K.L.:
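Supplied in structure tokens, the structure appears directly below.
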Amino acid sequence: MRFSHVYVEKDVIDHPVTKKILNTLKRSVVIEIERYGDFFNRPKQNYLMQKKSLNIILAKKKYDIIYEGSYMCEDFGNKDFYHTSNILNCIYSCDYCYLQGMYPSANIVVFVNIEDFFNEVDKLTQDRKIYLSISYETDLMAFEPFTGFLSMWIDYAKKNKNLTMEVRTKSANVNIFENIEIPDNVIFSWSLLPQPIISMYEQLTPSLDMRLMTIKKAVEKGLKVRISIEPIMYIENFEEIYKDFIDMLFNKVPHQNIHDVNIGTFRMVKEQAKKIEKLRETSPIFCYETEIKNGICTYKNDEYMKDFVYNELVKYIDKERVFVK
């Protein structure tokens with residue numbers, strides 16, 4: 001993982017995480033800045049051009065550290081559902097990713113003050129249990145080799161029994177669960193789609209085979225593994241492709257080893273969809289019929305798509321373990 005330039009807020013230049021990252025990125029040019037927003041939020045940036053040559057920004061998160069879970073995300077029956085992210089943006093480049101419609105820049109922002117994130121979770125869990133997703137806006141597992149954040153979160157989760165923590169990922173990095181003990185209150189959620197969808201929409205991500213091999217190693221270690229089949233994307237020969245994909249999934253990973261599964265079709269806020277449609281004019285995302293439902297852009301036949309995938313899943317796994325959004 002290479003970045004030509006690393007921009008560092010002066011306030012965090014001596015932070016231990018900053019030193020760790022800079023030690024890993026020795027070939028990068030380091031530039032001190034006052035505030036990350038002045039660089040990250042400047043107007044008229046070209047998101048796709050930046051994706052071809054990413055820079056990284058090391059900063060301090062000063063407020064709004066923990067957010068209530070979005071109604072667009074699956075809460076898995078948890079009343080107190082929250083999400084947070086130490087990192088903004090991702091090393092992958094998925095055509096359908098909502099982040100490109102949300103942020104003006106593709107550059108990576110790393111909030112090094114992870115101790116403040118833990119302090120906020122401490123406050124929330126003083127007298128109640130919460131469900132916290134820590135990787136909606138990035139892939140912490142993919143960034144682990146040079147940030148070490150996921151290991152720190154796992155170590156924190158061991159000490160906080162009022163916390164259930166979800167780690168969403170497309171990564172095939174097996175080192176994280178081969179090298180450290182994973183507590184029972186951590187759930188690894190792998191985003192999976194058929195390989196033709198991965199090839200069409202998920203640039204730079206590991207193949208389906210690589211992810212399945214990683215999942216197999218995870219369940220062999222006794223980890224709680226969730227399968228996230230979303231966003232379900234339309235493709236020609238949809239039924240055949242998704243049926244073969246689900247058959248392959250359960251052929252390689254026995255259903256009894258899977259904690260649960262969640263499914264959901266492609267969807268995003270209409271304003272984000274408009275930005276992405278303009279940004280990715282050559283992508284097939286919007287070649288199929290979409291519509292706006294209550295301010296959300298999704299496929300016209302999204303219910304059929306969800307029903308088809310659901311009916312294939314319940315051939316292998318109990319209905320009680322399948323969540324549909």
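What you see is a predicted model; the values in this text were computed from it and never measured. Numbers for residues simply follow the sequence, beginning at 1.
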K.L.:
Would Q203 and S93 count as having a side-chain donor-acceptor pair, cut-off 3.5 Å?
P.N.:
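Short answer, no.
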
K.L.:
Can you confirm if the aromatic rings of F143 and F149 lie within a centre distance of less than 6.0 Å?
P.N.:
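Ring centres of F143 and F149 not closer than 6.0 Å.
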
K.L.:
Nearest 0.5 Å, please: how far is CG in N89 from CE in M102?
P.N.:
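These two atoms lie 9.5 Å from each other.
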
K.L.:
First locate atom CG of N160, then atom NZ of K129, and finally report the distance between them rounded to the nearest 0.5 Å.
P.N.:
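The distance works out to 9.0 Å.
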
K.L.:
What pair of heavy atoms forms the shortest contact from E137 to L99, and how long is it?
P.N.:
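Distance-wise, the nearest heavy atoms are O-CD1, 3.4 Å.
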
K.L.:
In terms of heavy-atom contacts, does NZ of K161 have more than 12 from other residues, nucleotides or ligands at under 6.0 Å?
P.N.:
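It does: K161 NZ has more than 12 such atoms within range.
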
K.L.:
Answer yes or no: are there more than 12 heavy-atom neighbours, outside E220 itself, under 6.0 Å from its atom CD?
P.N.:
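Enclosed: over 12 neighbouring heavy atoms sit under 6.0 Å from CD of E220.
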
K.L.:
Is there any salt bridge (Lys or Arg N to Asp or Glu O under 4.0 Å) pair reaching into residues 87-100, and which pairs are they, with sequence neighbours excluded?
P.N.:
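Non-adjacent pairs meeting salt bridge (Lys or Arg N to Asp or Glu O under 4.0 Å): D95-R280.
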
K.L.:
Side chain of D302, backbone of T298: donor and acceptor closer than 3.5 Å?
P.N.:
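No; judged by distance alone, with no hydrogens or angles, the pair does not exist.
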
K.L.:
Is R42 salt-bridged to D38, cutoff N-O under 4.0 Å?
P.N.:
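Salt bridge flag = no for D38 with R42.
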
K.L.:
Using the side-chain hydrogen bond (donor to acceptor under 3.5 Å, both in side chains) rule, take R211 and S171 through it: C-alpha gap first, then chi angles, then the decisive distance, then the call.
P.N.:
CA-CA 7 Å; R211 292 183 223 180; S171 175; over 6 Å; no

K.L.:
Look up atom OG in S151 and atom CD1 in I180, then write down how far apart they are to the nearest 0.5 Å.
P.N.:
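Output value for this atom pair is 4.0 Å.
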
K.L.:
Indicate yes or no for a side-chain donor-acceptor contact from S105 to the backbone of N41 under 3.5 Å, with no hydrogens or angles considered.
P.N.:
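Flag not set: sc S105 to bb N41 has no pair under 3.5 Å.
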
K.L.:
Suppose we screen for side-chain contact (heavy atoms from CB on, under 4.5 Å). Which residues come up paired with A273, at least two apart in sequence or across chains?
P.N.:
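For A273 the side-chain contact (heavy atoms from CB on, under 4.5 Å) partners, ignoring immediate neighbours, are M268, F286, C297.
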
K.L.:
Just wondering, more than 12 heavy atoms not from E289 lying within 6.0 Å of its CD?
P.N.:
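Open.
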
K.L.:
With sequence neighbours left out, which residue pairs that include part of residues 266-276 fulfil the side chain to side chain donor-acceptor pair (under 3.5 Å) condition?
P.N.:
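Every pair satisfying side chain to side chain donor-acceptor pair (under 3.5 Å) with a residue in residues 266-276: E230-R267.
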
K.L.:
If you measure from CD1 on I197 to CD1 on I232, what distance do you get to the nearest 0.5 Å?
P.N.:
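One finds 10.0 Å between CD1 of I197 and CD1 of I232.
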
K.L.:
Check whether any side-chain heavy atom of N78 lies under 4.5 Å from a side-chain heavy atom of D80, and answer yes or no.
P.N.:
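Not touching, per the 4.5 Å side-chain cut-off.
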
K.L.:
Sort and list the pairs that fulfil salt bridge (Lys or Arg N to Asp or Glu O under 4.0 Å) and have at least one residue in residues 98-120, not counting sequence neighbours.
P.N.:
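Sorted pair list: E120-K123.
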
K.L.:
Would you list the pairs meeting salt bridge (Lys or Arg N to Asp or Glu O under 4.0 Å) in which at least one residue belongs to residues 13-29, sequence neighbours left out?
P.N.:
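Not a single pair qualifies under salt bridge (Lys or Arg N to Asp or Glu O under 4.0 Å).
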
K.L.:
Give a yes or no answer on whether the side chain of K224 reaches the backbone of V219 with a donor-acceptor pair at less than 3.5 Å.
P.N.:
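Pair absent, no side-chain N/O of K224 close to backbone of V219.
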
K.L.:
With rounding to the nearest 0.5 angstrom, report the OH to SG distance, Y47 to C97.
P.N.:
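One finds 5.5 Å between OH of Y47 and SG of C97.
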
K.L.:
Provide the closest heavy-atom pair for F323 versus G77 in the form atom of the first, atom of the second, distance.
P.N.:
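Where F323 meets G77 most closely, the heavy atoms are CE2-N, 4.5 Å.
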
K.L.:
So how far is it from T214 OG1 to I176 CD1, rounded to the nearest 0.5 Å?
P.N.:
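The CD1 atom of I176 is 13.0 Å from OG1 of T214, to the nearest 0.5 Å.
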
K.L.:
Between R35 and E9, is there a side-chain N and carboxylate O pair less than 4.0 Å apart?
P.N.:
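E9 and R35: not salt-bridged.
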
K.L.:
Kindly state each residue pair satisfying ring-ring contact (aromatic ring centres under 6.0 Å, His included) with at least one member in residues 216-236, sequence neighbours excluded.
P.N.:
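Every ring-ring contact (aromatic ring centres under 6.0 Å, His included) pair that includes a residue of residues 216-236, provided the two are not neighbours, is Y234-F238, Y234-Y288.
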
K.L.:
Among pairs that include at least one residue of residues 242-255, which meet side chain to side chain donor-acceptor pair (under 3.5 Å), considering only residues two or more places apart or in two chains?
P.N.:
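Output for this query lists D209-K252, K243-D247, D247-Y316.
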
K.L.:
Determine, for K170 against D139, whether the closest basic-nitrogen to carboxylate-oxygen distance falls under 4.0 angstrom.
P.N.:
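No salt bridge links K170 with D139.
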
K.L.:
Could you walk me through whether N237 and I235 pass the side chain to side chain contact (heavy atoms under 4.5 Å, CB included) check?
P.N.:
CA-CA 6 Å; N237 302 315; I235 190 172; over 6 Å; no

K.L.:
Per the salt bridge (Lys or Arg N to Asp or Glu O under 4.0 Å) rule, what does the pair list look like for residues 313-325, sequence neighbours excluded?
P.N.:
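Non-adjacent pairs meeting salt bridge (Lys or Arg N to Asp or Glu O under 4.0 Å): E312-K315.
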
K.L.:
Quick one: does N185's side chain have a donor or acceptor within less than 3.5 Å of a partner on L163's backbone?
P.N.:
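Flag set: sc N185 to bb L163 pair under 3.5 Å.
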
K.L.:
Of all the heavy-atom pairs spanning A157 and M165, show the shortest one and how long it is.
P.N.:
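Looks like CB-CE, 4.2 Å.
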
K.L.:
Apply side-chain hydrogen bond (donor to acceptor under 3.5 Å, both in side chains) to Y7 and E32, showing your working.
P.N.:
CA-CA 6 Å; Y7 296 85; E32 287 192 21; over 6 Å; no

K.L.:
Is a side-chain donor-acceptor pair under 3.5 Å present for S207 with Q195?
P.N.:
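Result is no, nothing qualifies.
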
K.L.:
For K60, look at atom NZ and say whether over 12 heavy atoms of other residues, nucleotides or ligands are found less than 6.0 Å away.
P.N.:
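At most 12 heavy atoms, drawn from other residues, nucleotides or ligands, come within 6.0 Å of this atom.
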
K.L.:
Under a 4.5 Å cut-off applied to non-hydrogen side-chain atoms, are K79 and D75 in contact?
P.N.:
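K79 vs D75: side chains apart.
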
K.L.:
Answer with yes or no whether the hydrophobic clustering places Y304 together with F245; edges join I, L, V, M, F, W, Y residues whose side-chain heavy atoms lie under 4.5 Å apart.
P.N.:
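In one cluster: yes.
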
K.L.:
Kindly say whether S189 contributes a backbone atom to a donor-acceptor pair with the side chain of S228 at under 3.5 angstrom?
P.N.:
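Answer holds: no.
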
K.L.:
Could you tell me which non-hydrogen atom of V314 sits nearest to which non-hydrogen atom of N311, and how far apart they are?
P.N.:
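Looking at all heavy atoms of both residues, the closest pair is CG2-O, 3.5 Å.
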
K.L.:
Checking side-chain polar atoms at under 3.5 Å, does Y299 have a donor or acceptor matched by the opposite partner on E291?
P.N.:
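No, E291 and Y299 have no side-chain donor paired with an acceptor closer than 3.5 Å.
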
K.L.:
Which pair of heavy atoms, one from A106 and one from Q50, lies closest together, and at what distance?
P.N.:
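That would be N-OE1, 2.8 Å.
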
K.L.:
Checking one residue: I187. Which other hydrophobic residues are in its cluster under the side-chain 4.5 Å linking rule?
P.N.:
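Listed partners: none, I187 stands alone.
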
K.L.:
Could you tell me whether the side chain of N46 and the main chain of L48 form a donor-acceptor pair under 3.5 Å?
P.N.:
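Side chain of N46 to backbone of L48, a donor-acceptor pair under 3.5 Å: yes, one is there.
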
K.L.:
Would you say the ring centers of F81 and Y131 fall short of 6.0 Å from each other?
P.N.:
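Aromatic pair counts; centres sit under 6.0 Å.
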
K.L.:
Among residues at least two apart in sequence or on other chains, which ones pass ring pair (Phe, Tyr, Trp, His ring centres under 6.0 Å) with Y310?
P.N.:
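Residues passing ring pair (Phe, Tyr, Trp, His ring centres under 6.0 Å) with Y310: none at all.
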
K.L.:
Counting only heavy atoms not in E178 (residues, nucleotides, ligands), do more than 12 fall under 6.0 Å from its CD?
P.N.:
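Yes, CD of E178 has more than 12 neighbouring heavy atoms, counting only those of other groups under 6.0 Å.
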
K.L.:
Quick one: do the S4 and N55 side chains pair a donor with an acceptor below 3.5 Å?
P.N.:
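Yes, because at least one side-chain N or O of S4 sits under 3.5 Å from a partner of the opposite role on N55.
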
K.L.:
Can you tell me which residue pairs pass the ring-ring contact (aromatic ring centres under 6.0 Å, His included) test with a partner in residues 100-128, sequence neighbours excluded?
P.N.:
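Non-adjacent pairs meeting ring-ring contact (aromatic ring centres under 6.0 Å, His included): Y36-F111, F40-Y103, F118-W153, F118-Y156.
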
K.L.:
Would you confirm whether S53, through its side chain, and M49, through its main-chain N or O, come within 3.5 Å as a donor-acceptor pair?
P.N.:
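No, because the side chain of S53 does not come within donor-acceptor range (under 3.5 Å) of the backbone of M49.
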
K.L.:
For residues I258 and F250, report the shortest heavy-atom separation together with the two atoms involved.
P.N.:
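Scanning both residues completely, I find the closest heavy atoms to be CD1-CE2, 3.7 Å.
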
K.L.:
Between V121 and I130, is the side chain to side chain contact (heavy atoms under 4.5 Å, CB included) condition met? List the steps.
P.N.:
CA-CA 9 Å; V121 180; I130 72 164; 4.3 Å; yes

K.L.:
Verify, without hydrogens or angle tests, whether D260 (side chain) and V322 (backbone) share a donor-acceptor contact under 3.5 angstrom.
P.N.:
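No; zero donor-acceptor contacts below 3.5 Å.
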
K.L.:
I would like to know whether I57 and V110 meet side chain to side chain contact (heavy atoms under 4.5 Å, CB included); could you show each step before the answer?
P.N.:
CA-CA 6 Å; I57 307 167; V110 178; over 6 Å; no

K.L.:
Residues two or more places apart in sequence or in another chain: which of them pass ring pair (Phe, Tyr, Trp, His ring centres under 6.0 Å) with Y82?
P.N.:
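For Y82 there are no ring pair (Phe, Tyr, Trp, His ring centres under 6.0 Å) partners, ignoring immediate neighbours.
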
